[in-house]
Amino acid sequence: MINVACAIIVIENKILVTQRSEKMKLPLKWEFPGGKLEENESEIDCIKREIKEEINIEIEVLRKLSNSIYDYGNFKINLIPFIAKHILGEIILAEHKDYKLLEKVELLNLDWAEADLPIVEEFLKLEL
Ligand SMILES: Nc1nc2c([nH]c(=O)n2[C@H]2C[C@H](O)[C@@H](COP(=O)(O)OP(=O)(O)OP(=O)(O)O)O2)c(=O)[nH]1
């Protein structure tokens with residue numbers, strides 16, 4: 001099982017979502033940006049590092065949501081979600097095809113990576 005941290009990043013009351021590129025696994029699916037934990041790396045360090053690497057911004061982590069464990073068949077993932085806020089920097093995509101800043105209700109309309117669906121649902125139930 002691979003451990004992947006991801007971040008629901010709030011920027012001026014909108015939620016940042018990113019689209020995987022054609023070349024990545026799960027091509028063109030929407031996700032919360034993030035990536036795999038490295039050896040001996042904390043979940044928080046991982047998500048801050050991945051967000052800086054992938055979308056060029058610095059975040060402050062606010063809280064953790066429930067992990068989502070999902071079996072894609074050829075690999076199994078433990079997806080570790082955090083809510084975070086944007087602190088510094090402009091969005092520059094290093095790997096993703098696209099991004100959107102959406103209202104909460106708009107999150108339901110995306111073609112999500114399957115593992116993200118329970119996270120989207122938990123997030124939508126929160127007061128924010
Ligand atoms: N970053 C991120 N990955 C997710 C989410 N949901 C989901 O199923 N995944 C999957 C897609 C990837 O297989 C894995 C994250 O790995 P990654 O983005 O660091 O690496 P990758 O698969 O693109 O690259 P690689 O395995 O080919 O080296 O987790 C999500 O919300 N965010």
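Indexing begins at 1, ligand by ligand and atom by atom, following the structure's order. In what follows, residues are counted from 1 in the order of the sequence shown.
In summary, the atoms of ligand 1 found under 4.0 Å from a heavy atom of Phe75, numbered by their order in the structure, are 13 (O). Annotation for ligand 1: atoms under 4.0 Å from non-hydrogen atoms of Tyr72 are 7 (C), 8 (O). Short contacts between ligand 1 and Gly34, defined as distances under 4.0 Å to a heavy atom of the residue, involve ligand atoms 1 (N). Ligand-side atoms of ligand 1 in range of Ala115: 8 (O), range being under 4.0 angstrom from any heavy atom. Atoms of ligand 1 lying under 4.0 Å from at least one heavy atom of Gly35, given by number and element, are 1 (N), 19 (O).
Ranking the protein heavy atoms by distance from atom 4 (C) of ligand 1 puts Glu31 OE1, 3.3 Å first. Of the protein's non-hydrogen atoms, the one nearest atom 6 (N) of ligand 1 is Asp116 OD1, 2.6 Å.
Listed by chain and number, the hydrophobic cluster partners of Leu93 are Ile9, Ile11, Leu16, Leu37, Ile44, Ile47, Ile51, Ile55, Ile57, Ile59, Val61, Ile80, Phe82, Ile91, Tyr99, Leu101, where partners are ILVMFWY side chains within reach of under 4.5 Å, directly or through others.
Atom CG of Asp111 sits in a crowded spot, with more than 12 heavy atoms from other residues, nucleotides or ligands closer than 6.0 Å. In this structure, Lys97 places its NZ atom where only 12 or fewer heavy-atom neighbours from other residues, nucleotides or ligands lie under 6.0 Å away.
Looking at Tyr70 against ligand 1, nothing comes within 4.0 Å, counting heavy atoms. Contacts between Glu95 and ligand 1, counted as non-hydrogen atom pairs separated by less than 4.0 Å, are absent for every part of the residue. Contacts of Ile77 with ligand 1, taken as heavy-atom pairs under 4.0 Å, involve the side chain alone.
Nearest heavy atom pair, residue Glu58 against residue Lys52, reads CG-CD, 4.2 Å.
In this structure Lys48 satisfies the side-chain hydrogen bond (donor to acceptor under 3.5 Å, both in side chains) test with no other residue, sequence neighbours excluded.
Residue contact check for ligand 1: Trp112 places no non-hydrogen atom closer than 4.0 Å to it.
For Leu79, no nitrogen or oxygen atom sits less than 3.5 Å from a nitrogen or oxygen atom of ligand 1, counting backbone and side chain alike. In terms of polar-atom proximity, Phe32 is counted as a contact of ligand 1, with an N or O under 3.5 Å from an N or O of the ligand. Considering backbone and side-chain atoms alike, Lys25 places an N or O below 3.5 Å from some N or O of ligand 1.
For the pair Glu43 and Cys46, the minimum side-chain heavy-atom distance is 4.5 Å or more. Glu54 has its side chain out of reach of Ile92: every pair of non-hydrogen atoms, C-beta onward, lies at least 4.5 Å apart. The shortest distance between side-chain heavy atoms of Lys104 and Leu124 falls below 4.5 Å.
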TODO: Kindly indicate, with the supporting measurements, whether the criterion salt bridge (Lys or Arg N to Asp or Glu O under 4.0 Å) is fulfilled by Glu121 and Lys125.
DONE: CA-CA 7 Å; Glu121 276 167 26; Lys125 287 184 192 147; 5.4 Å; no
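Of the possible polar contacts, one joining the Trp112 side chain to the Leu107 backbone as a donor-acceptor pair under 3.5 Å is found.
Atom 26 (O) of ligand 1 has its nearest heavy-atom neighbour, among Lys36, Arg20, Glu54, in Lys36. Nearest-residue assignment for atom 14 (C) of ligand 1 (options Val4, Ile8, Ile119, Asn3; heavy-atom criterion): Val4.
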